[in-house]
Amino acid sequence: MAWTRYIGGRLKSDYQYSVGINYNTFPMPPKDSDLSRLESFAQAVLDARAAHQDATLANLYDPDLMPPKLRKAHQALDRAVDRLYRRGGFASERKRVEHLFALYEKMRPPLTTSAKVRLRRKR
């Protein structure tokens, strides 16, 4: 969500999601990362949600009403994802986004070219 907050736009207070902007630009963890380590954390989130089958997603994810077990499961998943990028995690969202932008800069070619453009005056 930190990436989406900085990259994606908003419509009123809702986040806008776009494949081309949010997801295609997201710097994935290093290739040697073991993504299978996230499975148990993701399953814990699903299990915590399943315990509240009558609740809507809006109720489950309302910051004031979120069940404690679901909140803890998400926090554990977030920490596990952070550790894929940096062993010690991140001290703040800003540090996390700075790290993601640094990775993004490495995966994108530079915007400048070495060719010089000659401008001609109109007569």
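Treat the numbers as computed from the prediction; the structure is a model and nothing was measured. Scope of the values below: all heavy atoms of this structure, side chains included, with no hydrogens, waters or symmetry mates.
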Next on the checklist: Within the supplied structure, the quantity of interest is the number of heavy atoms (other residues, nucleotides, ligands) at a distance under 6.0 Å from Arg94 CZ; does it exceed 12?
Outcome noted: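 12 or below, so no.
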
Item to check | Arg87, CZ atom: more than 12 neighbouring heavy atoms under 6.0 Å | outcome: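 At most 12 heavy atoms, drawn from other residues, nucleotides or ligands, come within 6.0 Å of this atom.
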
First locate atom [atom1] of [X], then atom [atom2] of [Y], and finally report the distance between them rounded to the nearest 0.5 Å.
X	Y	atom1	atom2	result
Arg71	Tyr61	CZ	OH	11.0 Å
Lys72	Gln75	NZ	CD	8.5 Å
Asn24	Ile7	CG	CD1	12.5 Å
Thr25	Leu100	OG1	CG	10.0 Å
Thr4	Asn22	OG1	CG	4.5 Å

Item to check | Set of salt bridge (charged side-chain N to carboxylate O under 4.0 Å, His left out) partners for Arg5, sequence neighbours left out | outcome: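 Residues passing salt bridge (charged side-chain N to carboxylate O under 4.0 Å, His left out) with Arg5: Glu93.
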
Show me the side-chain donor-acceptor pairs of residues 37-49 shorter than 3.5 Å, one per line, residues at least two apart or across chains.
{"from": "Gln43", "atom 1": "NE2", "to": "Asp47", "atom 2": "OD1", "distance (Å)": "2.8"}

Next on the checklist: In the structure I gave you, are the side-chain heavy atoms of Tyr85 and Leu103 within less than 4.5 Å of one another anywhere?
Outcome noted: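 Yes, at least one pair of side-chain atoms sits under 4.5 Å.
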
Checklist entry - Any idea how Phe26 and Trp3 line up, ring-wise: parallel (<30°), tilted (30 to 60°), or perpendicular (>60°)? => result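 Perpendicular.
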
Checklist entry - How would you list, by chain and number, every residue that makes a ring-ring contact (aromatic ring centres under 6.0 Å, His included) with His99, sequence neighbours excluded? => result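 Per chain and number, His99 pairs via ring-ring contact (aromatic ring centres under 6.0 Å, His included) with Phe90.
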
